[in-house]
Amino acid sequence: MNKIVVAIDSFKGCLTSAEANQAASEGILARMPEATVVQVPVSDGGEGWLDAFRAAMGGEIVEVNAIDPLMRTIVAPYLIQGDRAVIEIAKASGLTLLSPEERNPMVATSYGTGQLVVDAVSRGCKHIIVGLGGSATSDCGIGMLEAIHNAQFTIHNSQFIKHNDVRFTIATDVTNPLCGENGAAHVFAPQKGATPEMVDALDASAKRFAAASAKHLGRDCQNMPGAGAAGGLGYAFLQYMNAECRSGIDLLLDTIHFDNLLQDADLVITGEGSADRQTLMGKLPFGILQRAKKHGVPVMLIAGRIADEQELLEAGFSSVACINPPNIPIEIALQPATAKENIRKMISSTLFG
């Protein structure tokens with residue numbers, strides 16, 4: 001093998017995409033130092049979205065005084081690349097900004113995400129790409145819309161969104177609608193701290209907001225794929241910003257011209273924290289597999305936990321490997337240093353015996 005492309009998703013709570021890629025590359029080069037290893041930081045719209053775009057295309061990180069989901073002041077970053085802005089909503093409205101005890105989607109607000117949008121537009125950005133992943137909110141984007149509405153009275157001598165030719169693209173691997181059993185509240189709010197009673201209240205509120213919005217604007221986006229992403233932030237972008245919804249991984253791979261990297265590649269290594277049949281439902285490694293198949297490049301899948309291995313192999317992965325030895329305690333496996341070493345060892349032994 002002369003060229004190996006490494007594009008591993010983050011191992012949430014353990015390794016970033018770049019860290020996992022680096023560990024795999026070290027495992028390869030330890031046994032095959034003459035190989036060309038191309039590392040591609042990747043994300044499907046959640047954790048690592050900014051890092052993936054910056055690694056591929058450069059740009060300037062801008063830091064904004066914003067508020068977190070509980071209205072506390074924080075500094076939140078986003079990326080500017082020419083007249084394009086890349087926003088990772090978790091930086092201002094993310095679940096990781098809260099302790100487990102603080103999680104409460106009845107009060108969590110997406111206002112901080114709106115502040116990032118406002119800042120990007122005020123700096124002249126014409127295309128805003130928003131990664132919808134890891135939110136703490138279930139407010140249908142109302143907080144974000146409030147921040148944008150308020151900005152129209154506080155930003156002087158700027159045309160702002162409705163007077164400016166600003167285009168929005170939202171990136172998510174979530175296709176859920178806004179309301180109902182498959183909607184934002186029922187599917188995602190429990191992991192954000194919602195009780196069953198809160199879920200019912202949030203869903204009812206979303207239905208009322210969608211009905212009022214449809215009456216006001218003369219169109220209804222609540223059932224569009226992606227409307228339920230990020231606690232309904234997807235709906236707010238679709239309904240009020242006329243956003244285009246894209247698969248996060250496909251959008252990133254198109255932007256970085258990933259197919260060009262595959263043309264002379266001998267192998268792709270991808271992975272994620274936990275791989276099973278859900279991986280085949282549009283998650284990042286599956287998106288990479290689909291691209292590699294078109295070029296006839298085999299794809300190795302690695303993960304910290306593997307289930308449904310036969311289904312993964314039947315889907316087209318050339319090999320599937322767990323980085324962790326049997327019976328390793330979970331608290332040990334999740335230590336970054338341990339995970340890196342296990343990736344290095346597993347890559348070395350699997351590829352070279």
Side-chain angles (χ1 to χ4, degrees), residues 8-21 41-55 61-79 86-117 129-139 141 143-144 147 170-174 184-185 187-194 198 202 228-234 248-249 252 271-274 283-284 303-305 330-331 333-337 339-340:
I8 304 169
D9 198 1
S10 62
F11 284 30
K12 290 179 175 56
C14 181
L15 299 178
T16 67
S17 173
E19 289 170 338
N21 285 349
V42 287
S43 168
D44 57 9
E47 181 182 0
W49 188 242
L50 287 191
D51 294 338
F53 269 85
R54 191 182 189 195
I61 291 290
V62 176
E63 294 187 330
V64 178
N65 291 323
I67 61 169
D68 76 357
L70 297 184
M71 299 292 289
R72 298 172 297 202
T73 301
I74 60 171
V75 176
Y78 72 95
L79 179 66
V86 181
I87 292 174
E88 183 178 323
I89 65 102
K91 298 295 187 183
S93 306
L95 197 62
T96 58
L97 300 175
L98 308 180
S99 68
E101 297 76 22
E102 292 174 330
R103 296 176 182 179
N104 184 350
M106 295 293 291
V107 300
T109 177
S110 58
Y111 196 97
T113 293
Q115 292 175 298
L116 300 186
V117 171
I129 299 174
V130 184
L132 297 179
S135 79
T137 63
S138 193
D139 69 348
M144 177 191 70
I170 57 175
T172 178
D173 63 352
V174 169
V187 176
F188 302 111
Q191 68 197 45
K192 304 175 185 183
M198 289 180 184
L202 289 166
L233 259 170
I249 186 58
L252 175 66
E272 58 185 341
S274 179
K283 293 179 72 174
L284 187 149
R305 185 192 72 88
I330 184 67
E331 63 273 14
L334 288 175
Q335 292 177 3
K340 291 175 185 178

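All residue numbers refer to positions in the sequence shown, counting from 1.
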Distance check, rounded to the nearest 0.5 Å: Glu19 atom CD versus Ile8 atom CD1? 11.5 Å
Using 0.5 Å steps for rounding, measure from the CG atom of Asp9 to the CD1 atom of Ile249. 7.5 Å
Exercise: identify the closest heavy-atom pair between Gly112 and Ala92: C-CB, 3.6 Å
Using the test ring-ring contact (aromatic ring centres under 6.0 Å, His included), find all partners of Tyr111 that sit at least two apart in sequence or belong to another chain. none
Who are the side chain to side chain contact (heavy atoms under 4.5 Å, CB included) partners of Leu334, not counting sequence neighbours? Cys14, Ile330
Can you name the nearest heavy-atom pair linking Pro77 to Ile61, along with the distance? CB-CG2, 3.9 Å
Any heavy-atom pair between the side chains of Trp49 and Leu79 that's under 4.5 Å? no
Partners meeting side-chain hydrogen bond (donor to acceptor under 3.5 Å, both in side chains) with Ser274 (sequence neighbours left out): Arg305
Name all residues meeting the side-chain hydrogen bond (donor to acceptor under 3.5 Å, both in side chains) criterion together with Lys192; count only those two or more places apart in sequence or in a different chain, and write none if there are none. Ser135
dist Ile89:CD1 -> Lys91:NZ (nearest 0.5 Å) comes out at 11.5 Å
Under a 4.5 Å cut-off applied to non-hydrogen side-chain atoms, are Leu97 and Ile74 in contact? yes
d(Leu95 CG, Gln191 CD) to nearest 0.5 Å is 7.5 Å
Nearest heavy-atom neighbours spanning Leu252 and Ala52: CD2-CB, 3.8 Å
Separation between CG of Leu98 and CG of Asn104, rounded to the nearest 0.5 Å: 9.5 Å
Apply side-chain hydrogen bond (donor to acceptor under 3.5 Å, both in side chains) to Ser138 and list each qualifying residue two or more places apart in sequence or on a separate chain. none
Partner set under side chain to side chain contact (heavy atoms under 4.5 Å, CB included) for Met71, not counting sequence neighbours: Ile67, Thr109
Name all pairs fulfilling the salt bridge (Lys or Arg N to Asp or Glu O under 4.0 Å) condition that reach into residues 97-107, sequence neighbours left out, sorted by first residue then second. Arg72-Glu102
Are side-chain heavy atoms of Pro41 and Asp51 found at a separation under 4.5 Å? no
Do you know which two heavy atoms are closest between Ile87 and Tyr78, and how far apart they sit? CG1-CB, 3.9 Å
Please report the interatomic distance CE(Met106) to CG(Asp139), rounded to the nearest 0.5 Å. 11.5 Å
Work out which heavy atom in Ala90 is nearest to a heavy atom in Gly134; give both atom names and the distance. CB-O, 4.0 Å
Answer whether the closest heavy-atom distance between the side chains of Leu284 and Glu272 falls below 4.5 Å. no
Can you list everything that forms a side chain to side chain contact (heavy atoms under 4.5 Å, CB included) with Asp173? Sequence neighbours excluded, please. Asp44, Lys283
Listed partners of Ala108 passing side chain to side chain contact (heavy atoms under 4.5 Å, CB included), at least two apart: Pro69, Thr137
Minimum heavy-atom distance Ala339-Ala333, with the two atoms named: CB-O, 3.9 Å
